[in-house]
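Because the structure is a prediction, the values reported are computed rather than measured. Any value given below was found using the heavy atoms of this structure, including those in side chains, with hydrogens, waters and symmetry copies removed.
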Amino acid sequence: MKFNVRNVLPANTTAFNGFPVIRWLTVPFLVVAIARSLVHLFSADGGAQSIAGIDTSVEGGNNIIALFHQWGAIQLILAVVLAVLFTRYPGLTSLVLLALVADPVLRDVAGQIMPVTSTTTPPGAALNAPVFFAVLALFVTSLFERHSAR
């Protein structure tokens, strides 16, 4: 077993040299990324009030909802691009995982810059830490190469 940071951007993108279970364990995170983006894009309030507990009955509430819909659109683009890279170029599994690791980190940074006032804890906020550690473990493990048969 060899640890290789170059697996983030490998020369051969057609084959994943790591353990196959890493790819299987990555799929649910990609599915969740696509699903949550669809919720933000297509739910009536973009998930702002119904999921995040943000009061949208205030002045400018429609703008809050519009931003959640736009956020869903951007999330969908990213999630689909990651899914395409993951499917078409298995060698980029580590890069896809690195992007998935960055997501909860950057959402936490954004929340520290400007905290959201809500009546409930949004699922994203509640799950940031466990998702980060789970995907970080997958990412680090994806950098290990299996022994090649010689």
Subject >> CG on Leu82 to CD1 on Ile77, rounded to 0.5 Å >> reply: 12.0 Å
**OP:** Kindly determine whether Glu145 and Phe3 satisfy side-chain contact (heavy atoms from CB on, under 4.5 Å), including the steps that lead there.
**Re:** CA-CA 6 Å; Glu145 296 175 344; Phe3 186 79; over 6 Å; no
Subject >> Whether Thr120 side chain and Pro122 backbone form a donor-acceptor pair below 3.5 Å >> reply: no
**OP:** Sequence neighbours left out, what passes ring pair (Phe, Tyr, Trp, His ring centres under 6.0 Å) with Phe68? Give chain and number order.
**Re:** His40, Trp71
Original post:
Run the side-chain contact (heavy atoms from CB on, under 4.5 Å) check on Asp103 and Asn128 step by step: do they pass?
Top reply: CA-CA 9 Å; Asp103 179 58; Asn128 260 355; 5.8 Å; no
Subject >> Between CG on residue Leu95 and OG on residue Ser142, distance to nearest 0.5 Å >> reply: 9.5 Å
Original post:
Do Asn17 and Arg146 have side-chain N/O donor and acceptor atoms under 3.5 Å apart?
Top reply: no
Subject >> Donor-acceptor pair, side chain of Ser118 and main chain of Thr121, under 3.5 angstrom >> reply: no
Original post:
Quick one: does Thr87's side chain have a donor or acceptor within less than 3.5 Å of a partner on Val84's backbone?
Top reply: no
Subject >> Main-chain N/O of Ala83 paired to Arg88 side chain as donor or acceptor, under 3.5 Å >> reply: no
**OP:** Give, for atom OG of Ser94 and atom CG of Asn4, the distance between the pair rounded to the nearest 0.5 Å.
**Re:** 9.0 Å
Original post:
Testing Thr56, Ile65, Thr119, Ile54 for side chain to side chain contact (heavy atoms under 4.5 Å, CB included) with Gln49, which one passes?
Top reply: Thr56
